[in-house]
Structure formats: C-alpha cells, structure tokens
Amino acid sequence: QQQVKQSPQSLIVQKGGISIINCAYENTAFDYFPWYQQFPGKGPALLIAIRPDVSEKKEGRFTISFNKSAKQFSLHIMDSQPGDSATYFCAAGGSQGNLIFGKGTKLSVKP
Amino acid sequence: DAGVIQSPRHEVTEMGQEVTLRCKPISGHNSLFWYRQTMMRGLELLIYFNNNVPIDDSGMPEDRFSAKMPNASFSTLKIQPSEPRDSAVYFCASSLSGTSFGYTFGSGTRLTVV
C-alpha cells in the first residue's frame with residue numbers, strides 16, 4: 001500500500017516534443033504529490049507538486065495531471081529541451097511527513 | 001540559506017571498516033530523512049527523525065546501520081562494518097516538521113566499499 005509505481009523507466013524525446021511520465025499510487029491517505037528532478041551528481045530537487053483537490057497544475061512548461069479516482073498522476077513536459085534531460089521522480093506523501101518515491105524515469109531529449 | 005549540507009561528498013572504504021556520513025539540515029527544518037539511492041532499488045527511505053527523535057527506522061537494512069540526531073542541526077548515519085553491497089549514494093533531506101512540503105535534499109554522499 002505504500003508503493004508508488006512509475007513508468008516508463010526511460011524515455012527519449014526529440015527537442016520540442018512532449019514528455020509524459022506516469023505514476024500510480026495505492027494508499028488513499030496520500031495527500032501531496034510532488035515531482036522531483038535530478039541531474040547527475042546532484043540531489044533530487046522539487047520541480048512541481050499537486051494536492052488531490054485539483055486535477056491539474058501548470059508551471060511554465062511543466063504540468064501535473066491528477067486523477068483521484070484512478071489514483072494516478074502524470075508529469076507532462078511541453079516543448080522538451082535538451083536541458084530537461086535528467087531523471088524524474090514522482091512521490092507521494094501524507095500526514096506523517098515522509099515521501100514515498102517512484103523508481104525514477106531517465107529522460108533524454110535529443111537535439 | 002546554504003541548503004542541506006552533506007559530508008563527505010565521496011567516500012571509498014575497505015570492507016569491514018566503519019563509515020560515518022554527516023548531514024546538516026536547513027535551519028528551522030525539524031524533520032530529517034536519510035535515503036539510499038541505487039540503480040536497482042531507486043530511492044529508499046532508511047530512517048527519519050522529527051524534532052531529533054527517530055520516528056521510523058523500518059527502512060534500515062540491518063543492525064550494521066545506525067543513525068543519530070544529537071541536536072537540531074546535525075545527524076549521522078553510520079555503517080559498521082561496511083560491506084560492498086552498501087555501495088550507493090546516500091542522501092539526507094529535511095523539511096518542516098510533520099509535513100512533506102518543502103522537502104529539500106542534500107547533494108549526497110557517494111559511498112564505495114571495496
């Protein structure tokens with residue numbers, strides 16, 4: 001019940017394309033769903049987050065779509081750029097304060 | 001703010017040796033988390049503290065691992081004795097107490113046990 005399942009494991013997208021990463025969770029007590037971006041040699045950094053009371057949140061080229069009934073959420077990166085090449089982690093958190101992370105998606109954006 | 005500070009950045013040690021990883025959380029954050037990252041398992045939560053008290057250590061792999069938080073500005077993760085399978089990147093993160101919000105990671109310690 002504590003798992004967060006993330007797919008795909010890796011993704012190759014052409015510059016200017018749309019990158020889509022999906023996550024699913026099981027525990028309905030989760031009420032905070034962030035996405036983290038990690039570059040090689042760095043720690044994960046918060047990219048964007050959503051609460052379950054909204055179905056979508058957009059920040060620049062990054063959008064989270066949230067489907068509460070399906071217990072799924074996804075990250076969309078519009079107009080993907082080579083600088084977006086990184087590993088992306090979805091996560092889910094609850095009242096206890098700790099985050100459960102997905103296994104990560106390695107995104108490569110080809111010029 | 002300097003962010004979450006971890007040391008050392010890299011550690012190479014021989015099997016059987018004791019290893020100590022250090023973390024300084026963001027000032028004002030009173031929750032602290034230790035994660036281990038490997039290709040096979042991704043980011044695994046090892047242990048977390050609220051107000052210097054260990055809350056959940058169920059992720060600590062075995063008795064060889066121990067963590068302490070003697071005060072609000074310092075935590076250690078110790079492995080004794082170390083084994084090659086402990087090789088990984090260890091991250092410390094901190095946040096405001098009792099919340100996942102503002103969860104900030106350090107740059108990690110890359111541990112290699114030979």
Side-chain angles (χ1 to χ4, degrees), chain A residues 1-10 21-25 27-54 57 59 64 66 73 86-107, chain B residues 1-10 21 23-26 29-51 53-60 67 88-110:
Chain A
Q1 258 215 329
Q2 287 290 84
Q3 279 190 327
V4 176
K5 295 182 180 179
Q6 183 172 348
S7 63
Q9 199 170 357
S10 62
I21 305 170
N22 301 298
C23 281
Y25 64 98
N27 190 340
T28 55
F30 290 146
D31 63 358
Y32 176 65
F33 302 90
W35 285 89
Y36 280 76
Q37 181 187 54
Q38 185 181 27
F39 293 105
K42 303 290 186 182
L46 179 64
L47 184 64
I48 186 172
I50 197 168
R51 297 293 296 271
D53 51 348
V54 297
K57 182 173 182 180
E59 289 185 2
I64 299 179
F66 187 83
F73 58 110
T87 299
Y88 292 82
F89 294 92
C90 63
S95 58
Q96 290 186 334
N98 59 303
L99 285 174
I100 308 299
F101 284 85
K103 289 283 179 73
T105 297
K106 186 173 183 179
L107 171 66
Chain B
D1 196 325
V4 176
I5 299 173
Q6 291 187 245
S7 65
R9 287 299 311 274
H10 303 275
L21 312 182
C23 176
K24 177 179 169 54
I26 290 175
H29 281 189
N30 42 13
S31 288
L32 184 139
F33 309 84
W34 282 100
Y35 283 85
R36 178 172 67 177
Q37 185 176 37
T38 61
M39 290 294 293
M40 290 296 294
R41 295 177 173 268
L43 274 165
E44 300 174 275
L45 177 66
L46 300 177
I47 185 172
Y48 76 94
F49 296 83
N50 273 354
N51 295 315
V53 177
I55 302 300
D56 183 357
D57 65 354
S58 59
M60 297 286 261
V89 181
Y90 291 81
F91 286 103
C92 174
S94 70
S95 74
L96 292 171
S97 182
T99 175
S100 307
F101 311 135
Y103 215 91
T104 304
F105 282 83
S107 296
T109 295
R110 179 174 293 277

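Below, read A as the first sequence line, B as the second, and so on, with proteins coming before strands; counting in each chain starts at 1.
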Handout entry: Side chain / backbone / both / neither for B:Arg41 at chain A, heavy atoms under 4.5 Å
Key =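 For B:Arg41, backbone heavy atoms alone lie under 4.5 Å from chain A.
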Exercise for the section: Name the region of B:Gln6, side chain, backbone, both or neither, that has any atom closer than 4.5 Å to a heavy atom of chain A. Expected result: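 For B:Gln6, no heavy atom lies under 4.5 Å from chain A.
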Handout entry: Over 12 foreign heavy atoms within 6.0 Å of CD, A:Gln9
Key =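 Result for CD/A:Gln9: open.
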Exercise for the section: To the nearest 0.5 angstrom, please state how far the CG atom of A:Leu99 sits from the OH atom of B:Tyr48. Expected result: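 With rounding to 0.5 Å, CG (A:Leu99) is 10.5 Å from OH (B:Tyr48).
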Practice task
Supply the atom-to-atom distance B:Phe105 CZ to A:Tyr36 OH, rounded to the nearest 0.5 angstrom.
Solution key: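 OH of A:Tyr36 is found 6.0 Å from CZ of B:Phe105.
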Problem - Option in B:Met39, B:Gln37, B:Met40 with maximal non-hydrogen atom pairs under 4.5 Å from chain A - result: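 Most heavy-atom pairs within the cutoff with chain A belong to B:Gln37.
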Handout entry: Residues from residues 40-48 of chain A approaching chain B under 4.5 Å (heavy atoms)
Key =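 Listed by number: A:Gly41, A:Lys42, A:Gly43, A:Pro44.
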Handout entry: Test of ring centre spacing under 6.0 Å for B:Tyr103 and A:Phe89
Key =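 Centroid distance B:Tyr103-A:Phe89: not below 6.0 Å, so no.
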Exercise for the section: Show the numbers, then the answer: is there a side-chain contact (heavy atoms from CB on, under 4.5 Å) between A:Gln38 and B:Phe91? Expected result: CA-CA 12 Å; A:Gln38 185 181 27; B:Phe91 286 103; 3.3 Å; yes
